[in-house]
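A short write-up of the structure that comes next.
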2 protein chains.
Amino acid sequence: MTSRLTTSSYAVLGLLGIQPWTGYELTRQATRSLRFAWPKSERLLYSEPKKLVEHGLATARQESVGRRGRTVYTITDEGRSALRAWTTSSPQPPTLEAEALLRLLFAENGSTDDLVAALETMADDARALHEQVTTINAGYLDGEHPFPQRTHLSVLFATFQLELFDLMARWVDFAKAEIATWPTTDGLGMTDRTEAMLNSIKEHRSVFDPRSEPIQGEATTTGMSRSVLDW
Amino acid sequence: MTSRLTTSSYAVLGLLGIQPWTGYELTRQATRSLRFAWPKSERLLYSEPKKLVEHGLATARQESVGRRGRTVYTITDEGRSALRAWTTSSPQPPTLEAEALLRLLFAENGSTDDLVAALETMADDARALHEQVTTINAGYLDGEHPFPQRTHLSVLFATFQLELFDLMARWVDFAKAEIATWPTTDGLGMTDRTEAMLNSIKEHRSVFDPRSEPIQGEATTTGMSRSVLDW
DNA sequence: CCGACAATACTGCATCGTGCAGTATGTCCA
DNA sequence: TGGACATACTGCACGATGCAGTATTGTCGG
């Protein structure tokens, strides 16, 4: 029996909608863009196109370079219909997986230095990803986009990634400043600073963008546009 | 054979480090906090403590309420050592899974309305999550924290979640404004606005926080503290 | 020109993790 | 007293991952 289509199937089908690819090329392309919205293993990128073929959404053609073979997958008309139908369905809520934040939740089991080290690893990762996205996108200005007609999509997509990685790096700085005031990781409870943060949360203010104390904050904060990091 | 410990094992072990819990209580607690850093299925939350017992990191005690049984898991000394050791290891890079962003990447297969609908679903989800976190945290000011001595950790953790959900909602507004200028989803390529975004990216400016054109932007932007959304 | 190393191009398999259905009891309110 | 909702799980099929393994082609330095 053919197994059912998952969101990952549509992710691969979306790539096939752009042009035909070999299995290997799909894994390369997934590393460049897909993984920022839908991070999946290389292994799966090899399995999914086979499933699409079973479902009649793609065809497989065997090629060879010397004595080494490779499979080129091409989307079918049914595949295009399936893609179109997919765009009208409702997306699942976004989820973030961050082991460094898990370390914060259970920081009481280690030193403040351990915690800071974990958060700095996260910030380093975020900065590295930020640079990757910046480099790729800077190239678009020099006409280096493999699919020039898709530039409007990939650039808008990139703006989110960059904001996200920037947020991670900035928040880690904020968190490090907070943790620097902790004598220990364990048992502090409601400190003055914690209470101040909670008041900011309650008033929907950001913890970034220092703006002194909430003195002149006449509660005229426009919705969520200011956030929790305001001091 | 006992299977190996994963990050999810340490996530559950971290909870057991706070107090003993039943399997069901672990699933409840995971919904309140864990899922924001380490989203895992309810099913796994029932399986992991058994694995911890096999490894000697926890003990299981059978209780009963009437004729219905339940299992209470308690951390052992070896469990505490394992937790301490874990805090010194290096965390995996953070990953975001967002089906709505996948819709953006492959938006050419649907209408601009389909795309906007997908992004609005994401923004709604983000706002709902923002409210959940805000509500829980506002309660801490009224002494409603189940573990008062841990307030400093959960509040610092919450600041990240709130910034993240706020970013998602604000970015969707930005993206909607951009998409509103598109006559179609397909084939636009490098528009004037796309080029402007790319220049912002290159200069490490944010696409948020309108600050008119990059006229007085003397490239003295301090690192990543401004981001891609500046106009 | 040749040897080393990276890139291309995958597959098999054990195990991890999820979704869903199923089962049963306890509690609360009308 | 009965219906809805919370508590408290387990079994199973299948989706997804990590890792090892296999083999060929391209590249670059000596």
Side-chain angles (χ1 to χ4, degrees), chain A residues 1-13 15 20-32 34-35 37-55 58 60-73 92-93 95 97 99 102, chain B residues 1-13 15-16 20-32 34-35 37-55 58 60-73 92-93 95-97 99 102:
Chain A
M1 263 309 292
T2 65
S3 44
R4 65 174 273 278
L5 296 173
T6 63
T7 300
S8 301
S9 310
Y10 288 102
V12 171
L13 192 58
L15 287 177
W21 310 79
T22 69
Y24 180 74
E25 285 168 343
L26 286 171
T27 67
R28 294 303 94 197
Q29 193 55 29
T31 309
R32 275 177 60 93
L34 252 190
R35 80 165 151 132
W38 201 250
K40 293 294 135 182
S41 68
E42 183 183 294
R43 191 64 189 79
L44 191 67
L45 271 297
Y46 276 113
S47 307
E48 285 299 343
K50 296 185 179 183
K51 191 154 85 180
L52 295 176
V53 171
E54 283 179 34
H55 282 264
R61 177 168 35 92
Q62 206 60 29
E63 287 193 356
S64 56
V65 178
R67 62 175 62 247
R68 188 175 60 196
R70 62 180 189 176
T71 310
V72 183
Y73 297 96
Q92 286 304 115
T95 61
E97 201 172 272
E99 198 184 339
L102 202 56
Chain B
M1 265 307 293
T2 65
S3 44
R4 65 174 271 280
L5 295 174
T6 64
T7 301
S8 301
S9 310
Y10 288 102
V12 171
L13 192 56
L15 287 177
L16 293 183
W21 310 79
T22 68
Y24 181 74
E25 285 168 343
L26 286 170
T27 67
R28 294 304 93 197
Q29 192 54 30
T31 310
R32 276 178 59 94
L34 252 191
R35 79 166 154 134
W38 202 250
K40 293 296 136 182
S41 67
E42 183 184 293
R43 192 63 188 79
L44 191 67
L45 271 298
Y46 277 113
S47 307
E48 285 299 341
K50 296 184 179 182
K51 191 154 83 181
L52 295 176
V53 171
E54 282 178 34
H55 282 264
R61 178 168 36 91
Q62 206 60 31
E63 287 192 354
S64 56
V65 178
R67 62 176 60 247
R68 188 175 60 195
R70 63 181 188 176
T71 310
V72 183
Y73 297 96
Q92 286 304 116
T95 62
L96 178 82
E97 201 172 273
E99 199 185 339
L102 202 57

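Reminder, nothing fancy here: chain letters follow the sequence lines and each chain counts from 1.
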Euclidean distance, atom [atom1] of residue [X] to atom [atom2] of [N] [Å, nearest integer]:
X: B:Glu42; N: D:dG11; atom1: CD; atom2: C1'; value: 14 Å
X: A:Arg4; N: C:dT18; atom1: CZ; atom2: P; value: 15 Å
X: B:Lys40; N: D:dG15; atom1: NZ; atom2: C1'; value: 13 Å
X: A:Arg70; N: D:dG26; atom1: CZ; atom2: P; value: 10 Å

Starting at the 5' end of DNA chain D and moving along, which residue's nearest nucleotide shows up first, A:Val65 or A:Pro39?
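First, find each residue's nearest nucleotide; the 5'-ward one identifies A:Pro39.
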
Where each residue is assigned the nucleotide of DNA chain D containing its nearest heavy atom, which of B:Tyr46 and A:Gly66 is assigned the position nearer the 5′ end?
B:Tyr46

Ignoring backbone atoms, test whether [X] places a side-chain nitrogen or oxygen under 4.0 Å from the OP1 or OP2 oxygen of [N].
X: A:Ser3; N: D:dG15; answer: yes
X: A:Ser47; N: D:dG15; answer: no
X: A:Thr71; N: C:dC10; answer: yes
X: B:Tyr24; N: D:dT7; answer: yes

Base C:dG12 paired with A:Arg43 side chain (donor-acceptor, <3.5 Å)
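Check passes, donor-acceptor contact within cut-off.
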
Can a donor-acceptor pair under 3.5 Å be found between the side-chain atoms of A:Arg67 and the base atoms of D:dT24?
no

Sugar-phosphate only, base, or nothing, as touched by B:Thr22 at under 4.0 Å among non-hydrogen atoms
sugar-phosphate

Using only atom types and a distance under 3.5 Å, with no angle test, would you say the side chain of B:Trp21 pairs donor to acceptor with the backbone of B:Leu15?
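Looks like yes, one N/O pair under 3.5 Å.
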
Between [options], which nucleotide gets closest to the side-chain atoms of [X]?
X: B:Lys51; options: D:dA23, D:dA16, C:dG17; result: C:dG17
X: B:Arg68; options: D:dT25, C:dT25, D:dT17; result: C:dT25
X: A:Thr6; options: C:dA9, C:dT27, D:dA16; result: D:dA16

Kindly determine whether A:His55 and A:Arg4 satisfy side-chain contact (heavy atoms from CB on, under 4.5 Å), including the steps that lead there.
CA-CA 9 Å; A:His55 282 264; A:Arg4 65 174 273 278; 5.7 Å; no

Taking B:Lys51 first and then B:Glu48, would you say they form a salt bridge - that is, a charged N and a carboxylate O separated by under 4.0 Å?
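Yes, charged N to carboxylate O under 4.0 Å.
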
Distance alone, cut at 3.5 Å: any donor-acceptor contact between the side chains of B:Thr71 and B:Glu63?
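No, no side-chain donor-acceptor contact under 3.5 Å.
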
